[in-house]
Novice: 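Take this structure first; my questions come after.
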Number of protein chains: 2
Amino acid sequence: MSIFHNVETTPEKEIFPNWFGRMIHGEKMTIAYYRASAGSPFPRHSHPHEQVSNILEGELEITIGDETRICKAGDVAVIPSNTVHYGQALTDVRVIDVFSPVREEYR
Amino acid sequence: MSIFHNVETTPEKEIFPNWFGRMIHGEKMTIAYYRASAGSPFPRHSHPHEQVSNILEGELEITIGDETRICKAGDVAVIPSNTVHYGQALTDVRVIDVFSPVREEYR
């Protein structure tokens with residue numbers, strides 16, 4: 001497995017409409033560098049992987065379970081396994097999502 | 001366990017001399033927001049946790065096993081379990097390190 005990576009040279013995938021991610025995988029974690037444009041929603045979904053969303057830029061409205069927040073740079077959302085979440089980019093956003101275990105379907 | 005966190009309101013700990021981290025823990029992962037000033041080394045060490053270092057700002061010289069690189073914004077280093085690593089901040093740096101499993105000693 002490669003040790004050193006660069007986000008810009010990692011292929012970008014459109015995971016949800018207008019949500020573009022660059023994925024780097026380890027043995028236990030996937031790191032996803034996301035960008036989305038203002039007004040782009042992401043749908044209700046859940047997965048067995050724990051997810052931690054690190055907001056770098058912009059404003060992201062996110063609902064986790066029954067709790068909704070508008071997250072900005074410096075906000076961090078910890079999404080437990082199998083917990084429904086959804087939301088929308090209120091502005092252009094940049095987010096680093098980390099998952100454990102690895103999102104094998106994104107390799 | 002809390003879902004929503006903010007980096008600025010998370011207590012800062014000096015993990016190595018001049019390496020300051022703010023830690024957010026989930027069930028499977030620890031997210032560490034680090035800052036260090038130019039010239040600050042971090043010592044040779046290893047741990048059973050996989051680590052992924054996401055460089056946000058500055059230049060970080062890092063050696064993993066027998067490979068050395070100078071990492072900049074957008075560079076990502078995947079450090080396997082139990083692999084010796086060390087390095088130094090060549091400029092002021094900001095890095096997000098993610099670990100799995102949780103760094104229980106940092107709770």
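It should be emphasised that the depicted structure is a prediction, and the values quoted were computed from it without experimental measurement.
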Novice: Using non-hydrogen atoms and a limit below 4.5 Å, what part of residues 35-50 of chain B faces chain A?
Specialist: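 Those residues of residues 35-50 of chain B which have a heavy atom under 4.5 Å from chain A are Pro48(B), Glu50(B).
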
Novice: Pick one of side chain, backbone, both or neither for Tyr33(A), based on which atoms fall under 4.5 Å of a heavy atom in chain B.
Specialist: side chain

Novice: Taking Ala77(B), Cys71(B), Ala73(B) one by one, which has the highest count of heavy-atom pairs under 4.5 Å against chain A?
Specialist: Ala77(B)

Novice: If two hydrophobic side chains count as joined below 4.5 Å and joins carry through other members, does Val76(A) share a cluster with Val98(B)?
Specialist: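 Val76(A) and Val98(B): one cluster.
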
Novice: Please say whether more than 12 non-hydrogen atoms of neighbouring residues, nucleotides or ligands are located less than 6.0 Å from CD in Glu67(B).
Specialist: yes

Novice: Find the one option among Met29(B), Lys72(B), His5(B) whose heavy-atom pairs under 4.5 Å with chain A are most numerous.
Specialist: Met29(B)

Novice: Can you tell which part of Ile96(B) gets under 4.5 Å to a heavy atom of chain A, answering side chain, backbone, both or neither?
Specialist: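 Ile96(B) touches chain A through side-chain heavy atoms alone.
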
Novice: Counting a contact as any heavy-atom pair under 4.5 Å apart, which residues of residues 51-60 of chain A contact chain B?
Specialist: Gln51(A), Val52(A), Asn54(A), Leu56(A)

Novice: Hydrophobic side-chain clustering at under 4.5 Å (ILVMFWY, transitive links): who's grouped with Val84(B)? Put none if nobody.
Specialist: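 Cluster partners of Val84(B): Tyr86(B).
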
Novice: Say you draw a straight line from CZ of Phe4(A) to OG1 of Thr68(B); how long is it, rounded to the nearest 0.5 Å?
Specialist: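 Nearest 0.5 Å value for the CZ-OG1 distance: 7.0 Å.
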
Novice: Can you tell me which of Gly74(A), Gly26(A), Pro101(A) forms the most heavy-atom pairs within a distance under 4.5 Å of chain B?
Specialist: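 Most heavy-atom pairs under 4.5 Å with chain B: Gly74(A).
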
Novice: Are Val78(B) and Ile3(A) packed together at the side-chain level, in the sense that at least one heavy-atom pair is separated by less than 4.5 angstrom?
Specialist: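 The answer is no; the side chains never approach within 4.5 Å.
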
Novice: Heavy atom to heavy atom, less than 4.5 Å: which residues from residues 7-17 of chain B reach chain A?
Specialist: Val7(B)

Novice: So, for Lys28(B) and Ser100(A), which heavy atoms are closest and what is the spacing to 0.1 Å?
Specialist: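 Nearest pair, atom of Lys28(B) first, then Ser100(A): CD-O, 3.4 Å.
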
Novice: Counting only heavy atoms closer than 4.5 Å, note whether Ser2(B) contacts chain A via side chain, backbone, both or neither.
Specialist: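 When you check distances to chain A, only backbone atoms of Ser2(B) fall under 4.5 Å.
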
Novice: Using a cut-off of under 4.5 Å on heavy-atom pairs, state which of Arg22(A), Glu27(A), Arg69(A) scores highest against chain B.
Specialist: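 Looking at each of Arg22(A), Glu27(A), Arg69(A) in turn, Arg69(A) comes out on top.
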
Novice: Below 4.5 Å, heavy-atom pairs only: which of Thr83(B), Ile64(B), Ile62(B), Ile79(B) has the largest tally toward chain A?
Specialist: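 Going by pairs under 4.5 Å, I would pick Ile64(B).
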
